[in-house]
4 protein chains.
Amino acid sequence: MTRVGVWLIGARGSVATTAVLGALAVRSGASGRTGCVTERPEFAPARLPGIGDLVFGGHDVSETRLCKSAERLARAGVLPAHLPPAFADELDRTERGLRRGLDAAAGVGRRDVDRLEADLRGFAEREALERVVVVDLSSTEPRPEPHAEHGDADALEAALDAGTARIPASSAYAYAALRAGCAFVEFTPNTGPRLPALARLAERSGVPWAGSDGKTGETLVKSALAPMFAARALHVRSWSSVNLLGGGDGATLADPVNAESKLASKARGLEHMLGHGPDGPLHIDYVPDLGDAKVAWDHVSFEGFLGARMTLQFTWSGYDSALAAPLVLDLARLTAHAHRRGRVGPVPELAFFFKDPVGTREHGLAEQWRALTSWCAAPAEEDE
Amino acid sequence: MTRVGVWLIGARGSVATTAVLGALAVRSGASGRTGCVTERPEFAPARLPGIGDLVFGGHDVSETRLCKSAERLARAGVLPAHLPPAFADELDRTERGLRRGLDAAAGVGRRDVDRLEADLRGFAEREALERVVVVDLSSTEPRPEPHAEHGDADALEAALDAGTARIPASSAYAYAALRAGCAFVEFTPNTGPRLPALARLAERSGVPWAGSDGKTGETLVKSALAPMFAARALHVRSWSSVNLLGGGDGATLADPVNAESKLASKARGLEHMLGHGPDGPLHIDYVPDLGDAKVAWDHVSFEGFLGARMTLQFTWSGYDSALAAPLVLDLARLTAHAHRRGRVGPVPELAFFFKDPVGTREHGLAEQWRALTSWCAAPAEEDE
Amino acid sequence: MTRVGVWLIGARGSVATTAVLGALAVRSGASGRTGCVTERPEFAPARLPGIGDLVFGGHDVSETRLCKSAERLARAGVLPAHLPPAFADELDRTERGLRRGLDAAAGVGRRDVDRLEADLRGFAEREALERVVVVDLSSTEPRPEPHAEHGDADALEAALDAGTARIPASSAYAYAALRAGCAFVEFTPNTGPRLPALARLAERSGVPWAGSDGKTGETLVKSALAPMFAARALHVRSWSSVNLLGGGDGATLADPVNAESKLASKARGLEHMLGHGPDGPLHIDYVPDLGDAKVAWDHVSFEGFLGARMTLQFTWSGYDSALAAPLVLDLARLTAHAHRRGRVGPVPELAFFFKDPVGTREHGLAEQWRALTSWCAAPAEEDE
Amino acid sequence: MTRVGVWLIGARGSVATTAVLGALAVRSGASGRTGCVTERPEFAPARLPGIGDLVFGGHDVSETRLCKSAERLARAGVLPAHLPPAFADELDRTERGLRRGLDAAAGVGRRDVDRLEADLRGFAEREALERVVVVDLSSTEPRPEPHAEHGDADALEAALDAGTARIPASSAYAYAALRAGCAFVEFTPNTGPRLPALARLAERSGVPWAGSDGKTGETLVKSALAPMFAARALHVRSWSSVNLLGGGDGATLADPVNAESKLASKARGLEHMLGHGPDGPLHIDYVPDLGDAKVAWDHVSFEGFLGARMTLQFTWSGYDSALAAPLVLDLARLTAHAHRRGRVGPVPELAFFFKDPVGTREHGLAEQWRALTSWCAAPAEEDE
């Protein structure tokens, strides 16, 4: 049996904790597979690595232990109360494999990325893994200013040698992953592997990567509804969106500097799907009271035949971690599959999972679903 | 230039009035084509009959004149106030081509269907039409009790001869249409051509037909959202739906006997799309105050990873006539196209337009869109 | 210190369990007093019996033990998980004071009501109570057919003697309570003490009673909003209401025969508050999936200056037991207070708590609040 | 018959146009009195000036004629299409009485305020008015920086003499009104008469004034709902508000500098009504597509007994002008009434109409209603 490593950046956060605990619970039969896309019958032909084949590790700058994080989520109603104690030992075992994350406040240097890479190689060796997928689940970063080392591989190496590389932490993690031969999933709106210098490094290293910004809630609904308006030739005049978040990412996003990249990746899709950019605000608000819940309200004003004015509004109320965590497992399995099949660079077939998909301009959910399932319907014999 | 007849059952109702006036306004450039699906670029290869090529006639039991009906819709805000006076003459010209509808309270006899058929043949001849598509827009009927003449063509002929055929009015219109060689669109939840005896008659007459029950509002949104839950492996536990209607059809549907067929056709799709039938009521209520507007509220409770409970709710607020009328034009053009291309019997490629599509179990909007546009992407040279 | 008995009809149900456990938790300091109206400063002058002075007993036909009921509510998220184990002993002590309820399927006889009365007298004596308030929390009953014994006290006594009294169970409980000198709170839409024969018995027994049908959710919001429309001279044209209930009462109300009295008491208020009865349906639907939660959607269409058409819609999502239970404590305290102050018969000052208040036509929440607080602001010295 | 002048600052805007046209339509019987609070029976004892007794004039910096403004509102569906042509002559007559408004970009000087005052005196004389009420309906201004002349009447006079008074336009209008002996209504969030120097001038001039910021939509609903939570001892944890506006004021408010005073006056009330300031954003967004409509969504998360978490959300969809215009007529009548009865300075009894009422901290709608109607129930004989 092949064992696939899943290395989580932000391994002690809510999403990562839910993913790790969920994988343990599913494997043991204590929980069902609801929310796991790759458990649907469409994916059977691809013979993906099983949820039980995943081995977890990760980086984090927080020191809150996994089991504490799980208990907090249980108290908040995101996880069933009986799960954290039932899997306390396994959580502690994963805990021991976690490593200190990167503090990117200062410039990034060679020593930093070497250490991250060594952590990854150590994980693969220690756990005897066939391959490792690194998944970025860290907090939203400010959008970086452009620098010469972003676009040019040599400049990047030189800046790392000098200890002055002005790259965001997410890109440092991506650099280390690619160097270690690991596939990479950018689940946040962070830059990660999207610097041209890193895209080239991925090619050279022969690894696939996917991203960005997991499509878990309001944007998911948008990507189901916007194609409906387009197909029916209804003219969307305004689409106003409000997102109320209480969790840790909400606090990060309360700072407009951090929110900028998130807002950009949320807005882009609508214009692609409708063929034009409608009026209307897009808010992300931090409402601490909501805890791990997030509530989104969208108001769509559209015009029909002979100018008739009509509206659709929806309210989505969900738990960010419960929505994101199974997608992390799905993406780990699918990206490992891509790696095994020799895919290199961006994997546009994974657009279904992302607000801002790389390698494609398709934002409609149904089309993304078709692309994903077509890819996975191909018989697995094509593999190496 | 080919001229295509569009014969509307319920020709003086809100949907028909909006369709006729809208076609006039679009043809003259007074209005745009918003809401007209077949004006999208995907349909260009099919070289469908143009909106300007459509010639209207129809049956109705009401005697309210078309221009009065249009004025009422303008006062209600469904149509721009300037349109009815601007096209008063053309509406009156169409008015003159309308014929008295069928009163099906008593049994239907040979004389009745012969008269309806003669009306259709007269229309085609008088207007020098290439072909005629009959579109049923009449009020929702009670679901008929089964009778021997429904299943057997000979029994039906015999019952018509005896003047005792216990078939609903919609089926009498369908019989006349098929006999006259006209394609048929069942835009209501009525039985229309769905009696086995009529399905066979369509085969013999070599005409295509489409249906049933135009998907214009809440069910349209459902058919965009339900596949989202399914693709994401989220378990929908309850889906509660409330429809508030003020217009003429609302009054008809306030009678539970009439509502039965509508409710059945609305419920069926959800089960197909989700793979199971969730909890939750489905109400259609007559709220006269709403006039031509309809408001629907849906509340979806679903379960995600590790049992997390989440909700989505939406409110749709639209004008039934503005939503349905352009689809009537679309269906007339597409069904005429099917007829011209030699299609016989149900046309499942038109499922995109219907709550209860014939000839297919596909209810997901995106899949229906793909089937429709694939069909119309085929080059028109195939035509004989 | 005075001890006040609270005897709950339906003592093992969700509302009763939450009330009993909640009183224990508040008394011990384990929980706060959120939701307890009578803990507001406006009630201080009345020197009501304290929550810690309440002693609980009750009848039920169910045999599910209180602590099991509490555990179920904790699993459903209505109660904090730590409360049921923390108060298991106290719940068991209350459990031992519960008595078997009345099976009213057959006619009610003297022996039945005597037994209920004896249970009440035994409770008061055993627990050395100053007085007892009986609160009906039982399931919604079908609205009873009128019978001679409803209107006439002698006829009622005769029918009880004969064992053929055709009175609902709620009225049998009320009869026993009044005979035992206990005040009575009808918290359900059931008939309870509202039979004229019982109203007279209350007078003779010198006890106060309050009712009916606790105003806990959607109707509460209505009673805050409808006066707003009235005061602003806005004309409400339609008010459509949908209530989705998953709990035990939802199942009972799924039977239209049982729902009838509930629907009537919900509808009445709107007409009083607006000065006219608007259009629109009022649905109560059983959606088992929702469990103890209830969700209500209201859509209000109103007309403003010069005929402008506008709308307000709201969605209320709450837990029935959490909303009702503190009101049960409030009503026990306030009705005991009324009893102590010598009030006899209906207490209209308690309209604030009810959908269908006795002794007043005031349904507006703010006016009800003013009547309640004015009454309780009177210095307690008036007491004997 | 007494004639009362109503001088509108912003006389060509949407609210003013609707108020003027509406008064004409009501007077002639062409429209009903829906939305006119002072037409309710509670106000009969006060013998207020009739709607037919009101004579309109005003200032505006815009040059769009009243009848053009009315036609635009009719096209947008705010006014019935038949009204503007039916009252074109009367609108033109009012038009002739309008005067050029103040451009306050530069400092305000003696000549400016003298001109405004002369306009008011000329209006009163020309139209033979018993008294004049000035109502500010102008666009939202930036909140002014504090200056010495705001707090001190002599300093203000000196600054006006020097032509350097740094007061907002709304305060210049208020100054002129008070000098001319006119009562003043601040219907916007602007400063208007709230400068201490002006409050003193009102005292000296012996005129009443009312304000500020008409409570027409989302805040109105808030002021009906927040007291409900408070009375039920439910703890509101977060209250998030989004306002989507398309009209002229929306554009003004899109500038955060202008929005500041509006946001402040909207937020204040909630804290007063709940006893604490809950979490949650308060957005005002300009969505041009919405035209004269405004849509507000509020999401309230609250805690009940034993910590149960529940939510209420509402969507309000209305026309600003239709909501505000009748209140302008109400306030003109009521403020003239106050003036006639000798009231001087702020009139807190009018809090019912305002988001940020002067002279009181009462924000609850029902209490405000009680204060208003009690005042107007006093027999009119008290008048001199």
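The figures here come from the full heavy-atom set of this structure, side chains too, leaving out hydrogens, waters and symmetry mates. So that the names make sense, note that chain A is the first sequence line, chain B the second, and so on, each numbered from 1.
Between C/R237 and C/S301, the side chains place no donor N or O within less than 3.5 Å of an acceptor N or O (distance only, hydrogens not considered). Side-chain contact annotation: C/R72 with C/T17, donor-acceptor N/O pair under 3.5 Å absent.
Listed options D/S223, D/S321, D/A322, D/G32 were ranked by heavy-atom pairs under 4.5 angstrom with chain C; first place goes to D/A322. Contact count against chain C (heavy-atom pairs under 4.5 Å) is highest for D/L220 among D/L220, D/L225, D/L323.
Only the side chain of D/R370 comes within contact range of chain C, with heavy atoms under 4.5 Å apart. Only the side chain of D/E367 has a heavy atom closer than 4.5 Å to any heavy atom of chain C. At a 4.5 Å heavy-atom cutoff, the contact between D/R232 and chain C is made by backbone and side-chain atoms alike. The contact between D/S31 and chain C is made entirely by side chain atoms (from C-beta outward), counting heavy-atom distances below 4.5 Å. In this structure, chain C has a heavy atom under 4.5 Å from the side chain of D/L365, while its backbone stays farther away. Residue D/V221 touches chain C through both its backbone and its side chain, counting heavy-atom pairs closer than 4.5 Å. Both the backbone and the side chain of D/W316 come within contact range of chain C, each with at least one heavy atom under 4.5 Å from a heavy atom of that chain. For D/L234, the parts lying under 4.5 angstrom from a heavy atom of chain C are both the backbone and the side chain. Contacts between D/A230 and chain C at a heavy-atom distance below 4.5 Å involve backbone atoms as well as side-chain atoms. Using a 4.5 Å cut-off between heavy atoms, D/F352 touches chain C through backbone and side chain atoms alike. D/P227 does not touch chain C: none of its heavy atoms, backbone or side chain, sits under 4.5 Å away.
Considering all non-hydrogen atoms of both residues, C/L350 and C/A210 come closest at CD1-CB, 3.6 Å.
Between C/K294 and C/E218 there is no salt bridge, since none of the side-chain N atoms of the basic residue sits less than 4.0 Å from a carboxylate O of the acidic one. In this structure, D/E90 does not pair ionically with D/R27, as no charged nitrogen and carboxylate oxygen lie closer than 4.0 Å.
Looking only at side-chain heavy atoms (C-beta outward), C/F353 and C/D330 come within less than 4.5 Å of each other.
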Mind running side-chain contact (heavy atoms from CB on, under 4.5 Å) on D/F43 and D/L372 for me, showing each step along the way?
CA-CA 9 Å; D/F43 296 88; D/L372 173 63; 3.7 Å; yes
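A distance of 10.0 Å separates CG of C/L329 from OG1 of C/T18, quoted to the nearest 0.5 Å.
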